[in-house]
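Because the structure is a prediction, the values reported are computed rather than measured. Nothing fancy with the numbering, it's 1 onward along the sequence.
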Amino acid sequence: MGKELAESYRYCPACGHPRESYEPVRPFRCSRCSHSTFFGPVSAVGAVVADNQGRVLLLRRANDPGKGLLGMPGGFVDHGETAEAALRREVLEEIGLTVESLEYLTSEVNSYVYRGISLPVLDMFFMVQVQEGHIELVDGEATSWIWTELSDAVLEEMAFVSNRRALKYYRDSRLR
Ligand SMILES: [Zn+2]
C-alpha cells in the first residue's frame, strides 16, 4: 500500500502556502486562503464481456499492478468523458472490438498505487456485448486472453479485489 494522495498533499494549489498540519480529513483546507481540495475518488470502468455460452473474457495483465494476474477490459475515465464513452474507448483500445450495447452492473471501491501514492478509485462495471470480430490486444496492456467460466479459482486470479467482487456479483446474480 502507498501513502494516500490526501496525505501526500504538502502545499496549497491556490496560493502555495505550505500545509501546516496533517489531519486525516477530506477535503484539504488551506490555513491562509481557505482554498479546499477534495480528494474524491477518480472514476474507472470495467467491462464484463460475455459470449453466448455465458463465458467471460478476461485478460492476462502485462504490467504491474497485478502483472501476470487476470483483469478485464477497462481503465480510467478521462476528463470530460462519460463512463459509457470511457468503456467503449477502453474496450476498443484493449481488445480491438466495438461495443454494441452495455448495461450498468455494479460499482466497487478500489485504489491504485503508483510510485508510492495510493489513489482512491471508484470502479463502475458494465455488462457489455461486443460486435463480432477478432480480438486484438492492441495497446500492450495484456499478454493473452481467455474465455472462461467464473469459477472460484478464476476469481482468485483477478488482480484487483474490486474486479473479483464485481464478477462474483455478476455470476451470483445470473444464478438467481
Ligand atoms: Zn492557500
Side-chain angles (χ1 to χ4, degrees), residues 1-49 56-95 102 104-126 128 137-145 154-170:
M1 285 305 293
K3 186 192 271 192
E4 278 230 14
L5 179 64
E7 190 183 348
S8 68
Y9 228 64
R10 287 198 236 151
Y11 298 93
C12 171
C15 77
H17 188 60
R19 187 174 192 170
E20 286 172 347
S21 64
Y22 171 68
E23 291 153 41
V25 294
R26 298 178 192 123
F28 159 82
R29 279 186 209 286
C30 176
S31 59
R32 186 161 77 183
C33 78
S34 308
H35 166 81
S36 298
T37 298
F38 291 82
F39 298 100
V42 297
S43 304
V45 290
V48 180
V49 182
V56 168
L57 178 72
L58 298 178
L59 306 175
R60 188 73 64 185
R61 293 176 59 81
N63 304 305
D64 277 326
K67 183 178 178 178
L69 296 174
L70 294 173
M72 48 218 280
F76 290 114
V77 179
D78 286 342
H79 287 197
E81 193 177 46
T82 63
E84 290 84 353
L87 194 80
R88 292 173 186 279
R89 176 179 55 73
E90 289 285 353
V91 168
L92 188 61
E93 281 177 9
E94 290 190 5
I95 59 173
L102 53 84
Y104 179 74
L105 177 66
T106 189
S107 67
E108 291 285 347
V109 169
N110 197 357
S111 68
Y112 193 90
V113 181
Y114 187 69
R115 291 179 188 258
I117 301 294
S118 164
L119 192 65
V121 180
L122 178 66
D123 286 345
M124 290 168 279
F125 296 91
F126 292 82
V128 169
L137 301 176
V138 188
D139 65 0
E141 287 191 21
T143 55
S144 60
W145 72 86
V154 166
L155 292 182
E156 275 307 304
E157 272 202 87
M158 297 306 297
F160 294 111
V161 174
S162 67
N163 286 205
R164 185 180 307 150
R165 286 196 180 131
L167 288 175
K168 189 169 188 307
Y169 176 79
Y170 170 75

> Hey, are Glu20 and Arg10 close enough for a salt bridge, meaning a charged N less than 4.0 Å from a carboxylate O?
Replying inline: no

>> Assess the residue pair Glu7 and Lys3 against the criterion (salt bridge (Lys or Arg N to Asp or Glu O under 4.0 Å)); give the C-alpha distance rounded to whole Å, side-chain angles, the decisive distance to 0.1 Å, and a yes or no.
In response: CA-CA 7 Å; Glu7 190 183 348; Lys3 186 192 271 192; 5.1 Å; no

>> Is the shortest side-chain heavy-atom distance between Phe126 and Val45 below 4.5 Å?
In response: yes

> Quick one: does Arg88's side chain have a donor or acceptor within less than 3.5 Å of a partner on Leu92's backbone?
Replying inline: no

> Taking the six-membered ring for Trp, is the centroid-to-centroid distance between Phe39 and Tyr9 below 6.0 Å?
Replying inline: yes

> Considering only heavy atoms from C-beta outward, does the side chain of Ile95 approach that of Val138 to under 4.5 Å?
Replying inline: no

> What's the shortest heavy-atom distance between Val48 and Met72, and which atoms?
Replying inline: CG2-CE, 3.5 Å

> Are Phe125 and Tyr170 close enough that their ring centers fall under 6.0 Å?
Replying inline: no

>> If you count every heavy atom of other residues, nucleotides or ligands that lies below 6.0 Å from Tyr104 atom OH, does the total exceed 12?
In response: yes

> Which pair of non-hydrogen atoms, one from Cys15 and one from Arg32, has the smallest distance, and what is that distance?
Replying inline: O-NH2, 3.2 Å

> Where is the tightest heavy-atom contact between Arg164 and Met158, given as atom of each residue plus distance?
Replying inline: NH2-O, 3.1 Å

> So, for Pro13 and Phe28, which heavy atoms are closest and what is the spacing to 0.1 Å?
Replying inline: CD-CE2, 4.1 Å

>> Rounded at 0.5 Å granularity, tell me how far CG in Asp123 sits from OG in Ser111.
In response: 9.5 Å

>> If you compare all heavy atoms of Leu105 against all heavy atoms of Ala166, which two are closest, and at what distance to 0.1 Å?
In response: CD2-O, 3.9 Å

> Should Leu59 and Leu137 count as side-chain neighbours, where that means a heavy-atom distance under 4.5 Å?
Replying inline: yes

>> Would you compute the distance between atom CZ of Arg19 and atom OG of Ser8 and round it to the nearest 0.5 angstrom?
In response: 8.5 Å

>> Less than 4.5 Å apart, side chain to side chain, heavy atoms only: is that true for Lys67 and Arg61?
In response: no

> Taking atom OG of Ser43 and atom CG of Leu122, what is their separation to the nearest 0.5 Å?
Replying inline: 6.0 Å

>> Donor-acceptor pair, distance only, cut-off 3.5 Å: does the side chain of Arg60 make one with the backbone of Thr143?
In response: no

> Taking all atoms of both residues into account, what is the closest heavy-atom pair of Val121 and Pro41, and its distance?
Replying inline: C-CB, 3.8 Å

>> Nearest 0.5 angstrom please: Leu57 CG to Glu94 CD, how far?
In response: 10.0 Å

> How far apart are the C-alpha atoms of Leu87 and Glu90, what are their side-chain angles, what is the distance that settles it, and do they pass the side chain to side chain contact (heavy atoms under 4.5 Å, CB included) test?
Replying inline: CA-CA 5 Å; Leu87 194 80; Glu90 289 285 353; over 6 Å; no

> At what distance, to the nearest 0.5 angstrom, does OG1 of Thr106 lie from CE of Met124?
Replying inline: 11.5 Å

> Would Arg89 and Glu81 pass as an ion pair if we require N to O under 4.0 Å?
Replying inline: yes

